[in-house]
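To start, the structure itself, in structure tokens.
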Amino acid sequence: MKGERLPAIVVLVAVLAGMALLDVADPTPAPFGAAGAFAMPTADDPSSLSSTWFCAASANVDEGASGLEVLVANYGDEPRSGTVTWMPEGSEPVLRPIEIPAHDGLVLDADEAVEAGAVSAVVELDGGGVAVEHAVTAGSGRSVAPCASSASDRWYLANGSTARDADQVLVLFNPFPADAVVDVAFATDQGRDQPEALQGLPVPAGSTTRISVGEFVRRREVTATTVSTRTGRLVVDRLQRFDGSVGRSGLSLALAAPAPAEVWTFPAGRHEEGLVERWHVYNPSDRDAVVTVEALTDSGEIPIPVERTVSARGQLVIDATEAAVVPAETAHSSIVRSVDGVGLVVERELSGVAPSSRRGWSSMLGSPLAAERWLLAAGAGAGQVDERLVVYNPGPEPVRFSVVAQLDGRSVVVDELSDVELGPASRREVTMAEVLDDSPVPLSVEADGPVVVERDLSPAADPGITTLLGIPLP
Amino acid sequence: MRSWRRPTDRRRGHYPRLTVAVQHQRTSVGVPEPTSGATTGDAFDAEELDAIAHAPPVVAVVVTHDPGPWLEECLASLGTQDYPNLSVLVVDTASTEDPLPRIAATLPDAYVRHLDANPGFGAAANEVLAVVEGASFYAFCHDDILLDPSAIRALVEEAFRSNAGVVGPKLVEWGSPEALLQVGLSADKTGVLTPLVERGELDQEQHDRVRDVFAIPGACTLVRTDLFASLDGFDPAITYLGDDLDLCWRAHVAGARVVVVPAARVQHREELQTRRGVDDRRRLFARHRLRTMLTCYGPFHLVRVLPQAALFTLIEAVYALAAGRPAQSAEVLGAWTWNGRRLGEIRQRRRSLRAVRGLRDGEIRRLQGRGSARLTSFLRGELGRGDRVRTSLAVAGRDLAGSLQAGPRRAAITACVVVAVMVAIGTRELVGERLPAFANLAEFDRGPLSLLSEYARGWRSAGLGSEAPAPTAFALLGLLGTVLLGGMGLLQQVLVLGCLPAGLVGVWRLTRFLDSPRARAVGLVVYAVAPLSYDALARGRWDGLILYAAAPWILARLLTATGEAPFDRSGSGSDGRRAGIGRSLRPVLSLGLLLAVVAAFVPLVVVLVPVLALALVLGAVLTRGGRGTLVALAVAGGASMVALVMHLPWSLTFLPGNGGWSAMAGIGALGGSDLGVGELLRLETGIESLSALGWVVPLAGALALFIGRGWRLAWAVRAWTVAVTCWALVWAGGRDLLGLPMPSAEVLVAPAAAALALAAALGVVAFERDLSGYGFGLRQVASLIAAGGVVLATVPVAVTAVDGDWGVPDSDFTRTLSFMEDGEVAGAGAFRVLWLGAPEVLPVAGETMDNSLAYGLSENGPPGIADRWASPPGASDLVGEALRLAADGRTARLGRLLGPLGIRYLVLAERSAPARSETAVRLPPAGVAATLAQQLDLRGIDVDPALTIYENDAWVPERAALAASGSADVAAAVAATEPFDATVGLDLSPSSPVLDGAASAVRFRGDVPAGTVYLAEAASSRWVLESEGEVAERQTAFGWANAFTVDQPGEATLRYRTSPLRWLAVAGQALVWLAMVGAVVRFRRPAPAARS
């Protein structure tokens, strides 16, 4: 009987032991789709059933004019139709049908549709392959930023100022049919601040709420911001103005970041006498973070990365000059990286005064993504805008890229920028006026490997600096 | 009027003595002359004549019918009686072969009367009233008894001494006079007889005292002639069985004593059934018992006792049904209809009895036993042994008495009582209350007719509607609900809470082959303390409860199918049951019928059972034997096929392409379960935990592996193989290693629990039989620890039971979602609710997406019982496609995609019950909430933290006059074949509801405007809309639904025309079920040969 007992017991125990030892599987289900992984505005694939864009900010030029333009570019082979819904402050939404031919662009002027000082817009189209950006124009200048391709319950900004010469406005746009309730918190150069009036702030359904940050957080040189919702979802823009009373001047529009990331890439950068380059690092987490700033110069020089610690829920400003991250008057790309896995939000500020030729103020979020295709809806205009395009290859392999213009319903590769090779961890800066005519046309950058694309749309003659990333098409 | 008084009656001295007359020479007209050679009175000498002159004349009435070879012995024993004044009258009831020559050869001076037919014992015996005069006593005898020479004299003497009206002897086994059969009978208030001695008990004169009894067994009964005449003899309507009770009860009513005289000994062969050829004893007993009760009780006591009898009958009927013995159920219930048809006769006999009544019912009740003998035997599990009712009663009585003395039986009784009390206390708060509807525990919100209609009409409203066959469960629930007169709440209580006792009874039966009360007790306790059943209740897993109830029964059938010791006594092969094809088919059909019933609610069982059988085979391989397990495997496969056939055409939805695996396994409630090996070994699937004591369960189950020998070891290994197989399925399924959605853990763990209970019981048997073969060591220590542990393991369960609800939430989403049934909401038109969440918490059947997100639909509010079964794929897949589009970020207008599907609300569930309940949180996959929150046409509604509810601003009523905002071309959109391309840019929210008058789920009335009337049900040409008598043209809308072009606005009717094929299918399925039940009943009934 022992001869029967032992094998049976051994087999049974072995099976149970095997189950116990192999019990390492993670039963956590796979995420549901990609909608929850929104890190920055991205364009939908042309095969998408529909695409929706949210453009929050307007300049509030005066009571009857918002100064908002929505720039829609269709990169697909099919015309797109849809609607733009203008949601003016204090009145009912206005819906307008729109049609965009294939490989073409469209500029929608809010002031032609509604009379309102502040208005937001929702653009809905019957397919993908579309990129939407928005521009605001006020007396102090013009600024362009991407619209949001998705809403979020968290938004972060690493920079902003309520200094004496500054006027910072947060634009909270709720495009949904249900109200949202938000909390707003700031990390400033003088510590954290959570104004009571901005806790549990309701943002009604289909409306825009503007917060003049200076009314709640006064005289702060730097304000990093977290907007979180208790219920609902939002789109958040920041409109920053400087009146020039202490040198800085200009208008800057920025879409906030919906999520922290560990790596932020800035393809362009430069500092020189009169032109200050700074990285604003915001750590919205509960852990201190160690960050490094690495730069890649056109000269091939690789400076020693700078390492700093950002306290939990705090912010840190790293000045290119003070830290000697990069040599002066050298164009470069930069990467800000969290070395211990803490999610961060990073903006790069360019602030120019005389004697620099670039005068104005700009602060833009870096890119947490790299993609093979980038859409540049605002297009190029060699006359009024001194557009420069920077393509950066962050990877270890060389890539080849082309710049494609959407011209007369066709997709045309710019001859001079066709199949350009870009080595590993290298960048290429192009002045578009040299390769395109005056008329602004939507552009795209198509590469055979992941790249990051940044534009400088600063006016050719007037003060003001506008820099922004393209919109990736993953 | 004469009356017969009890011995205590002071007037008993006035008992009329009869004038004695010698009857040898004279018989009444009609009695044939004695056969040749018969002696006459001239043979007596003077002394004898003197004795005769002083002995009251007794006529022994022997009723014969096709007597066997024992007749001569019977007659000879009468001929050798030492009673001096005895005549013998043989009443032959149309025997095939005339017994006269045999009688003449044996007892020449007997009188013989032939009857042309066989009217039954009582009616035949009543012939004595017509043909005999002057006798003082009648001794009614069966023809298969053997009287001691002094038996009649002892009876007569005691009749005089006790002034008794009815006197009976001590009955012993034929050929074994030392073995007692009966020494009088007791009866309870409903007439259920209880023996006063243990059948087969060694006669050591321990019962040899004269005593009053309630009834004398009918084999040999001495009755005073005047009493017999006053009572009009036996009840002629009582053919066989129960005549003795009836006569004695009426004798009591008349005031006569009924006395048993052990000094008179009679051997009895009990050959009645052999000659009758049918086994209808249970049916006859039930009928005649009720008839006697209706006859003998006065009105007051009848009102008191009759409802109790009805209740006991109902309990027995339900139990018999649950035990798979529908014939028994029919027989006990049939007794009432049988007597109902004879109320006229009964009234007449009541009047006759009233004329001789000498005792009140209250006095008679004092002669009866207390309580219910039937219930006692029922509780002891003896009632169902079919043809051995009488025997089982004796066994029950014996067991009951023995249990008070014998340790093992006392342990078994104690275990049964403890478990029953524990379950009763633990369930008390749920009994009689509305069960919350959560998870898999749907509310029985439909009436029986509604369910039957949905089953028959051919249109399933679940999901987005379909013409797929409805689940058979609709018919079963409808029929059961009809039996309960529409009491669907009661039906739910029975079908849900009844699973606990059903499982415990099942495991008690599973272990009955082990012949060890201790083993049965341990098996019962192990199964009772297994947390899975209570987890199943607390987590709303009705499917798990059903398997908990069914697993022991299924396992028992598989084990008996092997035909291997000790499970080779089931009657499937070796006990002489119906031979031939019936013997081969019986286990298949029996298990098949059981599986069919279970599969109606848990379809996966048709796959699970062959897997269990395969595990038995593997276990047999491990122990190098057990060819019988291959038979069990074949039986399991055959039974599954039988079950599938019985569920045709519904079972066609199990085929790939029609629904496939998910139609059987559901939406994958096991998904995401991370039950570890430890939890599985302790049979813990969720909330309830035995903590460290939980290890007692596997420890007890493992005992047989270490100390068992022979078949104890072999079956322990097989039981463990079954358990490990089930655990492996749970383990792999919970980690998505099988690539298939699996049902809740309880469904798979329940068979493991039954197998473990069996293994634990085997351990006890091994302890009793095998342990003595070992020297003292670890085995003994382990045995003692296991035994003590099993006792301790009841403690935490008992503590849990104190709350009385096993952790079942005290509320559900019905109240939370009551706003959906508000007049304003309902007035906006019929709508659907889309449920999303982890499969474990979803209260509705549906589909599972590849990342463990499940979805399902309900109509006009929370889901009900009809939504528990998955709707077949087809149009319902559109919901999944729409969700995927939204999840991929390819639209922010999910509402518009779902709107034409009639979906007004989207409910994302994180728990199966409201947040204040203690149900576990099961978050949906990351991104679901974000996806829904991104939609521009979904409006959040705050109701309960356990749910995230959105109202779809773009919804379209299920029956609507289509309209769109702006200048959209509705007609072109309707004609589109790609539903989402057509609707993503189309705002159909201006559509208005029509046809809101619902006569049924497939017939609607109301006014319709001219234009496009939309029906959000899967496209079918059998939907017909008639407006003002004109049939509207139908077209497929949006590629999946129905749209009608109405030219004549006005009063309209929308209806679904059921296909004639559907009616044929319904009739066919009903015939299959009837045939299967009939076949199982037929094969369960012993063949005549077996009965002998």
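The chains referred to below are lettered A, B, ... by the order of the sequence lines, with proteins before strands, and numbering in each begins at 1.
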Q) Between B:E679 and B:G676, is there a donor-acceptor pair closer than 3.5 Å when you use the side chain of the first and the backbone of the second? A) yes

(Q) Which atoms of A:D44 are under 4.5 Å from chain B, going by heavy atoms: the side chain, the backbone, both sets, or neither? (A) side chain

Q. Contact part of B:L680 toward chain A, heavy-atom cut-off under 4.5 Å: side chain, backbone, both or neither?
A. side chain

Q) What residue in A:L49, A:D153, A:T52, A:V122 has the most heavy-atom pairs under 4.5 Å with chain B? A) A:L49

Q. Where on B:A704 is there a heavy atom nearer than 4.5 Å to chain A: the side chain, the backbone, both, or neither?
A. backbone

Q | Ring geometry between A:F176 and A:F54 (parallel below 30°, tilted from 30 to 60°, perpendicular above 60°) | A | tilted

Q. Between A:S51 (side chain) and A:G127 (backbone), is there a donor-acceptor pair under 3.5 Å?
A. yes

Q: Please step through side chain to side chain contact (heavy atoms under 4.5 Å, CB included) for the pair B:V879 and B:E847, ending with a clear verdict.
A: CA-CA 9 Å; B:V879 178; B:E847 300 278 332; over 6 Å; no

Q. Are any of the side-chain nitrogens in A:D183 or A:R230 under 4.0 Å away from the carboxylate oxygens of its partner?
A. yes

**Q.** Heavy-atom proximity to chain A below 4.5 Å, by part of B:D953
**A.** side chain

(Q) For B:E951, which atoms come within 4.5 Å of any heavy atom of chain A: side chain, backbone, both, or neither? (A) neither

Q: Please look at B:L885 and chain A and tell me whether the side chain, the backbone, both or neither of the residue comes under 4.5 angstrom of a heavy atom of that chain.
A: side chain

(Q) Main chain of A:G232, side chain of A:T229: is a donor-acceptor contact present, judged purely on distance under 3.5 Å? (A) yes

Q) So which of B:D937, B:L681, B:V621, B:T891 has the largest heavy-atom pair count under 4.5 angstrom toward chain A? A) B:T891

Q. Side chain, backbone, both or neither: which part of A:T83 has an atom under 4.5 Å from a heavy atom of chain B?
A. neither

Q: Answer with side chain, backbone, both or neither: which region of B:V984 has an atom nearer than 4.5 Å to a non-hydrogen atom of chain A?
A: side chain

Q) Can you name the nearest heavy-atom pair linking A:L469 to A:E133, along with the distance? A) O-OE2, 4.2 Å

